[in-house]
Amino acid sequence: GFDWGEHFYNAADRFDTMYEIAENLVKSGHAYVCGLSQEEWRKYRGVPTEPGLESPTRNKAPEWSLDMLSKMKAGEFADGTYCLRAKIDMASPNIHFRDPVIYRIMHVEHYHAGNQWCIYPMYDFAHPIEDALEGVTHSMCTLEFEVHRPLYDWVIDRMQEMGMLVQNNGITVRPQQREFSRLNLSYTVMSKRKLLQLVEEKRVAGWDDPRLPTLCGMRRRGYPAAAIRNFCEALGATKFISTTDFSILEQAVRENLNSTAMRRLAVFDPVKLVIDNYPEDAEETFDAVNNPEKPEDGSRQIPFSRELYVERADFMKDPPKKFFRLSVGREVRLRYACLFTCTDVIEDANGKVVEIHGVMDMDSRGGTSPDGRVVKGTIHWVSIRHAVEVPVRLYDRLFSVEDPLADDSRDFTEFLNPDSITRATAFAEPAVQALDPSTSVQFERMGYFFTDSEDSKSGAPVFNRTATLRDSWSKIK
RNA sequence: UGCCUCAUCGUGUAACGGUAGCACAACUGACUCUGAAUCAGUUUGUCUAGGUUCAAAUCCUAGUGAGGCAACCA
């Protein structure tokens, strides 16, 4: 959802200026053309503990370099034969100061500039120039560029000498580079190099696979842009290499979705529940609010009949003390519908529950009884006769067993969770069919889902799980 | 090996040299037609050792631990 307005820039639009600056550097003795091969240069550059050697062309007249530079630009040389170096300090302990390359020959097409150029500026040269020309005051980047900062400042100094710094309200804008730590998430592979590997090896559907921590992946997973922004704002930016727990991100997503997502009832692991005192042919509908946090979203009607599906986990034969849901002899609320008392349960030969029986309080339609008695448990349900089956995908995050930052020597793909997708079918109330694509919905007590029709052959929406609901019952267990 | 960074509750972050605070998590309670949400409360921290100072999370020195750089990559 980000909008950079008029400040959308392409580096390629500044190639002409960059080349002019390079020429000026040569003229002022700050740069020279070097014909050393990469292997030769490695020897000349030396090691940090002792000074390097000067390139044979380092002290040639500027006219020579100027001429060579124009020939480089004209395409007279093959890749790698010559390059343009900044003349700085061959004895610096910072290797980036030992006459770094600022232009190299590359006979390749540029995706913006086409075939206009066969020499291209290096990042360390282009970056400060772009910032200066665009009036950037603070150029934020990640920690690995810390040692590049002196070179960044060097280029800015040269631009200042050339009078190329931008004025803003009468003040000269001198860009400054500042570094901060990249965002790390626990259990999550964030390295673009590694994500690329997953995409290329087709271990995921693409860059927008909902399991990937990419923005387009998060979008398909249903993470709202505002939630991601809030998450980042809560984290802050420092130079400390931190690892944020994945649950913080999920919490930010839940917080946003709680106030925006439509509520629907759906049963994921169904067991049949029969209301013995409800007529077999009868049916009725109950009114249910779409979002209790947002009354203006209105309500919808949920059909109800004698036979329902309820969540298997909502029944326990031998319930522990704090279990508030179904058990023989217990009364619970069927959400929006009525109070229901379980009287009996039918099991198969293995002791697995196949049917729950009970009676409803006929005076409790809508969910409250006239005598005002309270029930601790409220469970979700769906009428079997009216239920629609919807495909759901329960995505897990991609994670490695060990610290994703550690152990770069081993192939991280061996740590990937093999069960990172679960495909299933849920039984939902009919109103899910009317949902628009790309809508967030909360299946009550089951989590947040995001409708994704792009991906299904039939065009029917697939419900991708965005996040689970917080579940304090699992902590009690 | 040289050089450059970083270290504050469980996690992530604040604090001109002057009361160590906030958020999330955890825990307790209230409320509730989602064991959700909401509300109230509680617990927990300055890497180590010296030094400077009336006073150090903050400045200095050393150590420990972690990360980065030594591509004609970004």
Side-chain angles (χ1 to χ4, degrees), chain A residues 34 36-38 41-42 45-50 52 79-85 92-98 100-106 119-124 126-127 141-150 179-184 186 192-193 230-252 254-255 257-259 263 265 286 288-289 291-293 314 322-325 332-339 364 366-368 374-380 405-406 442-448 468-477:
Chain A
C34 173
L36 254 24
S37 70
Q38 287 187 57
W41 179 253
R42 237 193 305 278
R45 184 179 51 218
V47 290
T49 41
E50 43 193 278
D79 290 3
T81 51
Y82 290 97
C83 66
L84 184 69
R85 294 188 179 280
S92 172
N94 183 346
I95 297 290
H96 293 277
F97 255 33
R98 319 251 269 224
V101 172
I102 56 178
Y103 257 101
R104 83 291 217 187
I105 301 171
M106 287 178 86
I119 58 171
Y120 292 99
M122 300 293 289
Y123 166 85
D124 279 328
H127 175 211
C141 60
T142 42
L143 249 27
E144 65 267 29
F145 292 101
E146 272 175 333
V147 283
H148 296 241
R149 191 147 118 192
E179 311 82 15
F180 64 96
S181 173
R182 49 173 265 191
L183 169 57
N184 296 308
S186 60
K192 287 188 284 297
R193 181 173 56 79
N230 291 343
F231 168 69
C232 291
E233 197 172 329
L235 294 186
T238 65
K239 302 183 81 160
F240 177 61
I241 300 173
S242 57
T243 301
T244 299
D245 199 89
F246 195 84
S247 63
I248 306 284
L249 174 58
E250 290 193 304
Q251 179 55 31
R254 279 192 289 253
E255 192 178 5
L257 257 24
N258 179 51
S259 56
R263 307 300 144 107
L265 298 183
F286 290 110
V289 295
N291 185 344
E293 313 284 322
D314 285 346
K322 290 198 152 183
F323 184 80
F324 302 143
R325 279 121 70 182
V332 299
R333 175 181 297 107
L334 298 174
R335 182 139 219 235
Y336 300 120
C338 63
L339 301 183
S364 68
T368 45
V374 292
V375 290
K376 278 288 249 183
T378 298
I379 65 173
H380 58 282
L405 296 179
Q442 183 200 94
F443 288 133
E444 295 202 24
R445 303 211 311 132
M446 301 309 288
Y448 293 101
T468 55
L469 237 50
R470 271 180 53 145
D471 180 12
S472 54
W473 165 243
S474 68
K475 282 176 213 150
I476 295 169
K477 282 190 290 187

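So that the names make sense, note that chain A is the first sequence line, chain B the second, and so on, each numbered from 1. Treat the numbers as computed from the prediction; the structure is a model and nothing was measured.
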(request) Using the aromatic ring of A/Tyr123 (for Trp, its six-membered ring), decide whether it stacks on the base of B/A74 within the limits of 5.5 Å and 30°. (result) no
(request) Give a yes or no on whether a donor-acceptor pair under 3.5 Å exists between the nucleobase atoms of B/G35, that is its base, and the side chain of A/Arg325. (result) yes
Quick one: which protein N/O atoms are closer than 3.5 Å to N/O atoms of nucleotides 9-12 of chain B? Pair and distance per line, please.
| residue | atom | partner | partner atom | Å |
| --- | --- | --- | --- | --- |
| B/U11 | O3' | A/Thr243 | O | 3.3 |
| B/G12 | OP1 | A/Thr243 | N | 2.9 |
| B/G12 | OP1 | A/Thr243 | O | 3.2 |
| B/G12 | O3' | A/Ser242 | OG | 3.3 |
| B/G12 | O2' | A/Leu235 | O | 2.9 |

(request) Could you provide the dot-bracket string of RNA chain B, using ( ) for intrastrand pairs, [ ] for crossing pairs and | for bases paired to another strand, with Watson-Crick or G-U pairs below 3.5 Å? (result) (((((((..((((....[..)))).(((((.......)))))....(((((..]....))))))))))))....
(message) As a test of the definition: with a 90° window around 0 for syn, would you call B/A71 syn or anti?
(response) syn
(message) So if I take every side-chain heavy atom of A/Leu469 and compare against B/A36, B/U1, B/G35, which nucleotide ends up nearest?
(response) B/A36
(request) Output yes when at least one side-chain N/O atom of A/Arg333 is less than 4.0 Å from OP1 or OP2 of B/U32, else no. (result) no
(request) Would you please confirm or rule out a distance under 4.0 Å between OP1 or OP2 of B/A74 and any side-chain N or O of A/Arg104? (result) yes
(request) Could you pull out all residues at least two apart from A/Thr142 that satisfy side-chain contact (heavy atoms from CB on, under 4.5 Å)? (result) A/Glu144, A/Phe145, A/Arg182
(request) Could you tell me whether A/Arg445 sits above the aromatic face of A/Trp473, with NZ or CZ closer than 6.0 angstrom to the six-membered ring centre and within 45 degrees of the axis? (result) no
(message) Check the orientation of A/His148 and A/Tyr123. Use parallel for under 30°, tilted for 30 to 60°, and perpendicular for over 60°.
(response) perpendicular
(request) For A/Tyr120, report the nucleic acid contact type (base, sugar-phosphate, nothing); a contact means any heavy atom under 4.0 Å. (result) nothing
(request) Assign A/Pro292 to base, sugar-phosphate, or nothing according to its heavy-atom contacts below 4.0 angstrom with the strands shown. (result) base
(message) For a quick check of understanding: with a heavy-atom distance under 4.0 Å over all strands, which category does A/Glu293 fall into, base, sugar-phosphate or nothing?
(response) base
(message) Regarding B/A71, can its base be found pairing with the side chain of A/His96 as donor and acceptor, where the two atoms are less than 3.5 Å apart?
(response) no
(message) Looking only at side-chain N and O atoms, does A/Ser247 offer a donor or acceptor that is under 3.5 Å from a partner on A/Asp245?
(response) yes
